[in-house]
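The basis for the numbers below is simple: all heavy atoms, side chains too, and nothing from hydrogens, waters or symmetry mates. Chain letters run A, B, ... following the sequence lines, proteins first and then strands; every chain starts at 1.
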Amino acid sequence: MLDLKFVRENIGTVEEALRKRRSDLSLEGFRGLDEKRRTMLTAVETLRAERNAASEEIGRLRREKQDAAGLMERMKAVSAAIKEAETGLPDIEARMDALLLNIPNIPDASVPDGAGEEDNPVIRTWGTPREFDFPVRDHVDIGESLDILDFERATKIAGGRFCLLKGAGARIERALINFMLDVHTGEHGYTEMLPPFMANSASFLGTGQLPKFEDDLFKVEGTDYYLIPTAEVPVTNIVRDEILDEGVLPLKMTAYTPCFRKEAGSYGRDVRGMIRQHQFNKVELVAISKPESAFEELEKLTSHAEEILKRLGLPYRVVTLCTGDMGFSSAKTYDIEVWLPSQGRYREISSCSCFSDFQARRAKIRFRDGTTGKTRLAYTLNGSGLAVGRTSVAILENYQQPDGSVTVPEALRPYMGGIDRIVRR
RNA sequence: GGAGAGGUGGCCGAGCCGGCUGAAGGCAACCGCCUGCUAAGCGGUUGUACGGGUAAAACUGUACCGAGGGUUCGAAUCCCUCCCUCUCCGCCA
């Protein structure tokens, strides 16, 4: 959420940001609504001030055993006038809130302008895609022939966009989760969290998934709970409604969770395999930072995610999302894309964002400035470190062998009970 | 699921037979004093949001004592509904 005062005073800037984002949201009604609200508020507050003053007077008279009946009688009219003046105000405020909650964050000045994916500049590339001297198979073929991935039975159990991992397939996911968490906690300074996999609507509002993106979420019927689409939701909300000591910043947390997404609107995209699932595993990195160092933190956080790919020997590149491709709440986002031989291209495996104070304002995440003693909104960041399912896919495909087996990346072997190759058993 | 207790400021905690309570007291933080340094001690300051006001302050209005509604001239205090937490019992990984 943007600051109301900021929108009022910089409506041009906000409209420019909407244009850059290729958003069709209009601020047409904002000015009128805002003025109407302020006019009404002033009227109501003036009457209330009158009532408060009279009430105080009544209290004083009664204490002094004087008659206050006349004043009380007159105040009945004022009270009625207040009720009158208040009608319509809740509606105006609700409309203001709705408008404000649906305005996306303003892209950071360093974000390149562009319409979509094709305009995202590549800022660095690591590793060289391997040359294959045999026909490359995709992870579905590899996984099914090794009997470690089973899509048919997953469909029987649940439905489309689910996957059953078996044997070494399940083991790889577990190994990756442990590997990633160990690196981030042991070497990158994050504290491990294991949060609830459902969260209430207030939390989803806090990180910006609600009210705009309810259609992408699984809601638990008859409750106020939604299944989390990312650990960002429960982990960032750990500090919701809190005023933090400046000294604890940057607060760095990591968490493994499964993620649940409806993937509504992606019919026909990535239907094959485990690229796009209703449920997938992810290790998330979250940082709560001071504004001054937040974009520096974004660089670090991104490099922490990249480190996992480096150790696994998986070629990747990093792109900056352009204004038209950025998420609703983000001020700046880097996507890390891993090389998938079967597709002959890089595919997103991590998305690292700085949200400036956009989430913090919604979620009331603040800190006390040590020098001024004032409370300030913190900046929030997060990134995948990494999407585990897609990492498994990348390993299967990049490390496939002509005989159908898959070599286990060296860094992962300690987590795989020492085995160096996955073969059909 | 049954019974009981409770939700107050950064934290703890009074107030809860309605007005003098935006809220005692303590802690914490900050600023002074004191001090060789630290500690102790002494004095002072410190909520949030939205308006008005100002060059910026000062200043000022309103709202906020879990959420929403009601009674009343007036509600942290009374009434209703809901949410949450804790304790005991039951059930259970």
Original post:
Going by number, which of residues 357-365 of chain A have a non-hydrogen atom under 4.0 Å from RNA chain B?
Top reply: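 RNA chain B contact set from residues 357-365 of chain A: none.
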Original post:
Using a cut-off of less than 4.0 Å, is there contact between a side-chain N or O of A/N52 and OP1 or OP2 of B/C73?
Top reply: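 No, outside the criterion.
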Original post:
Distance check: side-chain N/O of A/T46 vs OP1/OP2 of B/G61, anything under 4.0 Å?
Top reply: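 A/T46 to B/G61 OP1/OP2: no side-chain N or O under 4.0 Å.
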Subject >> Base-pairing string, 5' to 3', of RNA chain B - Watson-Crick or wobble, under 3.5 Å, | interstrand >> reply: ((((((((.[[[..)...(.....]]]((((((.......))))))((((((......)))))).[[[[[..)....]]]]])))))))....
Anything under 3.5 Å between a protein N or O and an N or O of nucleotides 51-54 of chain B, put it in a table, one pair a line.
| unit_1 | atom_1 | unit_2 | atom_2 | d |
| --- | --- | --- | --- | --- |
| B/G51 | OP1 | A/R8 | NH1 | 2.9 |
| B/G51 | OP1 | A/R8 | NH2 | 2.3 |
| B/G52 | OP1 | A/R38 | NH1 | 3.0 |

Donor-acceptor list for residues 4-13 of chain A side chains, cut-off 3.5 Å, not counting sequence neighbours:
| unit_1 | atom_1 | unit_2 | atom_2 | d |
| --- | --- | --- | --- | --- |
| A/R8 | NE | A/D34 | OD2 | 2.7 |
| A/R8 | NH2 | A/D34 | OD1 | 3.1 |
| A/N10 | ND2 | A/F6 | O | 2.9 |

Can you pull out every salt bridge (Lys or Arg N to Asp or Glu O under 4.0 Å) where at least one residue sits in [range]? Sequence neighbours excluded, please.
{"range": "residues 249-267 of chain A", "value": "A/E263-A/R276"}
{"range": "residues 205-229 of chain A", "value": "none"}
{"range": "residues 185-199 of chain A", "value": "A/E187-A/R311"}
{"range": "residues 281-302 of chain A", "value": "A/E246-A/K290, A/K282-A/E284, A/E292-A/R376, A/E297-A/K300"}

Under a 4.0 Å threshold between the charged nitrogen and the carboxylate oxygen, would [Y] count as salt-bridged to [X]?
{"X": "A/D141", "Y": "A/R272", "answer": "yes"}
{"X": "A/R22", "Y": "A/D113", "answer": "yes"}
{"X": "A/R38", "Y": "A/E35", "answer": "no"}
{"X": "A/E16", "Y": "A/R19", "answer": "yes"}

Identify every side-chain donor-acceptor pair in residues 418-425 of chain A under 3.5 Å, counting partners at least two apart or on other chains, and give the distances.
| unit_1 | atom_1 | unit_2 | atom_2 | d |
| --- | --- | --- | --- | --- |
| A/R421 | NH1 | A/D403 | OD2 | 3.1 |
| A/R421 | NH1 | A/S405 | OG | 2.8 |
| A/R424 | NH1 | A/S145 | O | 2.6 |

**OP:** Take A/R48 and A/E73, find for each the nucleotide of RNA chain B with the closest heavy atom, and name the residue whose nucleotide sits nearer the 5' end.
**Re:**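 Of the two residues, A/R48 wins.
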**OP:** Kindly write out the residues that satisfy side-chain hydrogen bond (donor to acceptor under 3.5 Å, both in side chains) with A/T191, not counting sequence neighbours, or none if the list is empty.
**Re:**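 For A/T191, no residue satisfies side-chain hydrogen bond (donor to acceptor under 3.5 Å, both in side chains) once neighbours in sequence are set aside.
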Please list, for nucleotides 17-22 of chain B, all pairs of protein and nucleotide N/O atoms separated by less than 3.5 Å.
| unit_1 | atom_1 | unit_2 | atom_2 | d |
| --- | --- | --- | --- | --- |
| B/G19 | O6 | A/R62 | NE | 3.3 |
| B/G19 | N2 | A/S55 | O | 3.1 |

Pairwise N/O distances under 3.5 Å, protein to nucleotides 76-85 of chain B:
none

